[in-house]
K.L.:
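Below you'll find the structure I mean.
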Amino acid sequence: MSEEKSLNFLEQIVEEDIANGVNDGRVLTRFPPEPNGYLHIGHAKSICLNFELAKKYNGQTNLRFDDTNPVKEDIEYVDSIKQDIQWLGFQWAQELHTSDYFEQIYEFAVQLIKKDLAYVDDSSADEIAVSKGTPTTPGTPTPYRSRSIDENLDLFLRMRNGEFKDGEKVLRAKVDLASPNMHMRDPIIYRIKHAHHHRAGDKWCIYPMYDFAHGQSDSIEKITHSFCTLEFIPHRPLYNWFIEQLGIFPSHQYEFSRLNLTYTVMSKRKLLQLVQGKFVSGWDDPRMPTISGLRRRGYTPASIRTFCERIGVQKRDNLIDVSLLEFCIREELNKTANRVMAVLDPVKLVITNYPADQVEELSAENNQEDPEAGRRMLPFSRTLYIEREDFMENPPKKFFRLGPGLAVRLKNAYIIKGESFDKDENGEITTIYCTYLPESKSGGDNSGLTVKGTIHWVSAAHAATAEIRLYDRLFNVENPDGEEGDFKSYINPDSLQIIPNAFIEPGLVNAKPGERLQFLRKGYFSVDTDSTPEKPIFNRTVTLKDAWAKEVKKN
RNA sequence: UGCCUGAUAGUAUAACGGUAGUACGACAGACUCUGACUCUGUUUGUCUUGGUUCGAAUCCAGGUCAGGCAACCA
């Protein structure tokens with residue numbers, strides 16, 4: 001383990017700070033979600049970054065809810081966010097809420113007013129927008145900019161006391177209306193909202209804006225390194241300006257680029273549209289890039305953490321290939337998931353030389369990658385189900401499966417040879433007939449034969465049935481955000497295929513929700529949260545790599 | 001057309017003035033009682049033009065391209 005992993009740019013910053021004795025080497029980060037939606041894998045990047053970086057440098061991480069907008073926030077989201085972070089494997093030092101600082105933030109505002117650095121503005125939203133000018137032309141002061149300190153103090157108190165209606169007045173910082181940075185053109189720092197807050201109740205009718213809450217909260221908590229995404233870069237001068245004018249603890253903001261993944265969307269707004277428009281079954285639909293969706297899909301916390309580590313941290317825009325995420329979950333599940341057999345698209349197979357009333361119990365390895373996983377017994381009989389695609393009437397030369405005259409190994413059982421088949425009036429094969437080699441039994445094969453292919457099966461009389469849900473990418477274009485028009489028009493209509501009656505090994509009816517398995521040759525699956533022994537439900541987490549599918553595609 | 005970011009294989013990410021490396025993907029092969037896994041090999045890259053330097057992905061200047069910013073959202 002002498003291999004040195006290079007540091008990402010934020011780790012470099014932290015190491016430099018520690019080396020220079022900044023904050024006495026103390027490292028305290030925070031993860032600051034607004035409780036107005038569910039966490040997605042983009043948040044996971046931020047969570048991993050904040051928690052792992054702090055831990056690496058003997059620091060800690062707070063969970064702070066940025067709950068400054070009561071009309072959009074809800075306790076439901078608070079709970080889901082906490083669950084998701086813990087599920088990912090992280091524990092915050094303190095659970096904090098910006099709303100707990102409202103009194104102090106209010107005092108900060110008063111302080112600003114007293115320094116003549118903030119004023120109450122009676123202008124309408126439109127008037128303020130106009131007065132801010134444009135990026136190329138400076139803003140102009142509204143008539144209220146020159147109010148006296150005393151008048152501002154009085155008005156602000158009356159705002160707090162509920163004497164005005166929503167939108168009637170705002171408190172603005174007095175910064176620089178001519179700044180090339182639009183965020184410095186007297187930003188609004190308090191607005192009136194007569195709304196019930198999920199945590200503060202009805203105590204307040206004025207609420208601070210993000211720019212006058214986030215940095216202040218960082219400072220109150222003495223956060224040393226405040227990491228956020230790139231779109232907050234233009235806010236940083238304001239972040240620093242407030243710290244300077246207020247003379248409070250100098251937290252520092254650093255920005256990194258947010259995660260984008262191919263074949264999905266990542267903005268909360270768009271995910272909400274998918275949920276509300278019923279394009280998916282909910283926030284935890286296994287096709288969603290939400291943490292809860294990935295969890296239900298069968299992703300593990302470790303695979304998501306590994307993924308976040310491999311994508312790195314930088315400042316350039318990126319679009320990560322979802323195949324990397326898939327690689328991370330396959331890599332883990334290959335080592336940990338038991339192998340079982342399930343036939344998704346069954347066709348009957350009759351072994352004509354196998355005794356009609358004989359049933360054998362065959363021993364099967366659970367996971368050859370893990371000797372500890374043990375073995376299980378499987379019933380075998382004359383009539384089986386195999387995968388329809390594993391038989392071809394006129395197979396091409398590279399087809400290593402069953403066909404007339406073609407021999408193949410039944411996994412954990414015998415070598416069989418295809419003989420004949422029945423078809424119905426539509427030309428669809430209904431039954432395949434084959435013969436088996438009794439001396440080719442797995443574990444004791446002395447047939448002297450080797451076959452190129454091995455296929456999976458279940459005994460028809462013993463198999464249980466299950467609902468299997470096959471998931472594919474939610475969108476059929478790599479970057480739905482980058483396409484013309486409504487992103488929803490690029491939704492993949494085949495992103496969910498439900499197989500109501502697949503055949504599974506009898507023992508699988510007892511699989512517990514959340515359990516992860518490999519269906520041999522079909523992919524990794526996990527037991528759905530709605531699954532019961534009476535009606536087992538499996539979600540496909542990810543397919544196996546399929547060299548044959550590629551071969552077929554080529555021709 | 002103001003300000004702010006950024007630009008290294010298909011996608012990401014290293015190299016911090018000294019041999020452009022790694023992962024995923026793709027392609028080819030070996031192995032295989034999973035056409036899986038594993039293993040081997042191949043392919044493809046420093047946005048551009050100048051400058052500094054013995055030497056530039058790296059430093060400087062100009063350009064190009066991409067993204068962000070003018071919510072009483074965060």
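Proteins come first, then strands; the chains are lettered A, B, ... in the order of their sequence lines, and each starts at number 1.
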K.L.:
Please pick, from B/rA74, B/rG35, B/rG2, the nucleotide with the shortest atom-to-atom distance to any side-chain atom of A/Phe399.
P.N.:
B/rG35

K.L.:
Under 4.0 Å, counting only non-hydrogen atoms across every strand here, what does A/Phe327 touch: a base, just sugar-phosphate, or nothing?
P.N.:
sugar-phosphate

K.L.:
Which nucleotide in the list B/rC73, B/rC33, B/rG35 gets nearest to the side chain of A/Met209?
P.N.:
B/rC73

K.L.:
For B/rU52 versus B/rG17, give the span between their C1' atoms, rounded off to a whole number of Å.
P.N.:
11 Å

K.L.:
Please classify the nucleic acid contact of A/Glu365 as base, sugar-phosphate, or nothing, using heavy-atom distances under 4.0 Å.
P.N.:
nothing

K.L.:
Once you apply a heavy-atom cut-off of 4.0 Å, does A/Tyr414 come out as touching a base, just sugar-phosphate, or nothing?
P.N.:
nothing

K.L.:
Quote, to the nearest angstrom, the P distance that separates B/rG41 from B/rC47.
P.N.:
29 Å

K.L.:
Within the supplied structure, the quantity of interest is the number of heavy atoms (other residues, nucleotides, ligands) at a distance under 6.0 Å from A/Glu361 CD; does it exceed 12?
P.N.:
yes

K.L.:
In whole angstrom, give me the gap between the P atoms of B/rA57 and B/rA20.
P.N.:
8 Å

K.L.:
When you compare B/rG63 with B/rC69, how far apart are their P atoms, in angstrom units rounded to a whole number?
P.N.:
24 Å

K.L.:
From B/rC73, B/rA36, B/rC72, pick the nucleotide closest to the side chain of A/Lys132?
P.N.:
B/rC72

K.L.:
Once you measure the plane-to-plane angle for A/His97 and A/Phe65, does it fall in the parallel (<30°), tilted (30-60°) or perpendicular (>60°) bin?
P.N.:
parallel

K.L.:
Does the side chain of A/Glu505 come within less than 4.5 Å of A/Leu378's, by heavy atoms?
P.N.:
yes

K.L.:
Could you tell me which nucleotide pairs with B/rU44 by Watson-Crick or G-U wobble geometry, both distances under 3.5 Å, or answer none if nothing does?
P.N.:
none

K.L.:
Tell me what A/His235 touches on the nucleic acid: a base, only sugar-phosphate, or nothing, going by heavy atoms under 4.0 Å.
P.N.:
base

K.L.:
Taking atom C1' in both B/rC59 and B/rA15, compute the distance separating them and give it to the nearest angstrom.
P.N.:
16 Å

K.L.:
I need the NZ-P distance between A/Lys452 and B/rA36, as an integer number of Å.
P.N.:
11 Å

K.L.:
By nearest heavy atom, map A/Asp166 and A/Lys398 onto RNA chain B; which one lands nearer the 5' end?
P.N.:
A/Lys398

K.L.:
Does OP1 or OP2 of B/rA74 have a side-chain N or O of A/Arg191 closer than 4.0 Å?
P.N.:
yes

K.L.:
Under 4.0 Å between a side-chain N or O of A/Thr68 and OP1 or OP2 of B/rA74?
P.N.:
yes

K.L.:
Does any nucleotide pair with B/rG55 by Watson-Crick or G-U wobble geometry, both distances under 3.5 Å, and what is it?
P.N.:
none

K.L.:
For A/Asn412, which contact category applies under a 4.0 Å heavy-atom criterion: base, sugar-phosphate, or nothing?
P.N.:
base

K.L.:
Ignoring hydrogens and angles, are the base of B/rU5 and the side chain of A/Glu255 linked by a donor-acceptor pair under 3.5 Å?
P.N.:
no

K.L.:
When the aromatic ring centroids of A/Tyr144 and A/Tyr119 are compared, is their separation below 6.0 Å?
P.N.:
no

K.L.:
Scan A/Leu324 against the nucleic acid and name what it touches under 4.0 Å (heavy atoms): base, sugar-phosphate only, or nothing.
P.N.:
sugar-phosphate

K.L.:
Does A/Trp548 stack onto the base of B/rG35, taking stacking as ring centres under 5.5 Å apart and planes under 30° apart?
P.N.:
yes

K.L.:
Of the options B/rU34, B/rC69, B/rG35, whose atoms approach the side-chain atoms of A/Arg339 most closely?
P.N.:
B/rU34

K.L.:
What nucleotide, of B/rC37, B/rU11, B/rC72, holds the atom closest to the side chain of A/Asp321?
P.N.:
B/rU11

K.L.:
Please tabulate, one pair per line, each protein N/O and nucleotide N/O from nucleotides 14-18 of chain B that are separated by under 3.5 Å, including the distance.
P.N.:
residue : atom : partner : partner atom : Å
B/rC16  : N4   : A/Gln12 : NE2          : 2.5

K.L.:
Touch check for A/Phe232, heavy atoms < 4.0 angstrom, all strands: base, sugar-phosphate only, or nothing?
P.N.:
base

K.L.:
Scan every strand shown for a Watson-Crick or G-U wobble partner of B/rC65, both distances under 3.5 Å, and answer none if you come up empty.
P.N.:
B/rG6

K.L.:
Aromatic contact between A/Phe102 and A/His197, with the criterion being ring centroids under 6.0 Å apart: yes or no?
P.N.:
yes

K.L.:
Select one nucleotide: of B/rU34, B/rA74, B/rG2, the one nearest the side-chain heavy atoms of A/Glu231.
P.N.:
B/rA74

K.L.:
Consider the side chain of A/Asp317, meaning its heavy atoms from C-beta on, and name the nucleotide among B/rG35, B/rG67, B/rC73 that approaches it most closely.
P.N.:
B/rG67

K.L.:
Could you identify the nucleotide paired to B/rG25, looking across every strand shown and requiring Watson-Crick or G-U wobble geometry with both distances under 3.5 Å?
P.N.:
none

K.L.:
Just call it for A/Leu319: base, sugar-phosphate, or nothing, with non-hydrogen atoms closer than 4.0 Å on any strand.
P.N.:
sugar-phosphate

K.L.:
Could you check whether atom NZ of A/Lys56 has more than 12 heavy atoms from other residues, nucleotides or ligands sitting under 6.0 Å from it?
P.N.:
yes

K.L.:
In whole angstrom, what separates A/Asp390's CG from B/rU34's C1'?
P.N.:
11 Å

K.L.:
Tell me what A/Lys268 touches on the nucleic acid: a base, only sugar-phosphate, or nothing, going by heavy atoms under 4.0 Å.
P.N.:
nothing

K.L.:
To the nearest Å, how far apart are A/His183 NE2 and B/rA70 P?
P.N.:
5 Å

K.L.:
I want to know whether A/Tyr436 and A/Tyr354 have ring centres closer than 6.0 Å.
P.N.:
yes

K.L.:
Answer with base, sugar-phosphate or nothing: what part of the nucleic acid does A/Lys441 contact at a heavy-atom distance below 4.0 Å?
P.N.:
base

K.L.:
Need to verify one output field. Residue with the more 5' nearest nucleotide on RNA chain B, A/Glu478 or A/Ile188?
P.N.:
A/Glu478

K.L.:
Tell me: CD1 of A/Ile189 to P of B/rC72, nearest whole Å?
P.N.:
14 Å

K.L.:
Are OP1 or OP2 of B/rC73 and a side-chain N or O of A/Lys193 less than 4.0 angstrom apart?
P.N.:
yes

K.L.:
Can you tell me how far P in B/rU53 sits from the matching atom in B/rA23, rounded to whole Å?
P.N.:
39 Å

K.L.:
Scan A/Glu326 against the nucleic acid and name what it touches under 4.0 Å (heavy atoms): base, sugar-phosphate only, or nothing.
P.N.:
nothing

K.L.:
Which class fits the ring pair A/Phe156 and A/Tyr106: parallel under 30°, tilted 30 to 60°, perpendicular over 60°?
P.N.:
parallel

K.L.:
Is there a ring pair (Phe, Tyr, Trp, His ring centres under 6.0 Å) between A/Phe256 and A/Phe227 once you walk through the steps?
P.N.:
CA-CA 7 Å; A/Phe256 62 95; A/Phe227 303 121; 7.2 Å; no

K.L.:
Does a side-chain N or O of A/Lys315 approach OP1 or OP2 of B/rA7 to a distance below 4.0 Å, or not?
P.N.:
no

K.L.:
With both distances under 3.5 angstrom, what nucleotide forms a Watson-Crick or G-U wobble pair with B/rC73?
P.N.:
none

K.L.:
If you count the non-hydrogen atoms of other residues, nucleotides and ligands that lie under 6.0 Å from NZ in A/Lys417, is the total more than 12?
P.N.:
no

K.L.:
Against the six-membered ring of A/Tyr414, is A/Lys441 placed for a cation-pi contact (under 6.0 Å from the centre, within 45° of the normal)?
P.N.:
no

K.L.:
Nearest heavy-atom pair of A/Arg339 and A/Asn367: which atoms, and what distance?
P.N.:
NH1-OD1, 3.1 Å

K.L.:
Using atom CG of A/Asp176 as one end and atom P of B/rC3 as the other, report the distance to the nearest whole Å.
P.N.:
14 Å

K.L.:
Can you measure A/Ile128 atom CD1 to B/rC72 atom P for me and round it to whole angstrom units?
P.N.:
7 Å

K.L.:
Looking across every strand, which nucleic acid part, if any, lies under 4.0 Å from A/Arg236 by heavy atom: base, sugar-phosphate, or nothing?
P.N.:
nothing

K.L.:
Write down the distance separating the P atoms in B/rA26 and B/rC73, rounded off to the nearest Å.
P.N.:
46 Å

K.L.:
Tell me: CD1 of A/Ile386 to P of B/rU34, nearest whole Å?
P.N.:
17 Å

K.L.:
Roughly how far apart, to the nearest Å, are B/rC60 and B/rU40 at atom C1'?
P.N.:
46 Å

K.L.:
Students often get this wrong, so: under 4.0 angstrom with heavy atoms, is A/Ser123 touching a base, only sugar-phosphate, or nothing?
P.N.:
base

K.L.:
With heavy atoms under 4.0 Å as the rule, sort A/Thr450 into base, sugar-phosphate or nothing.
P.N.:
nothing

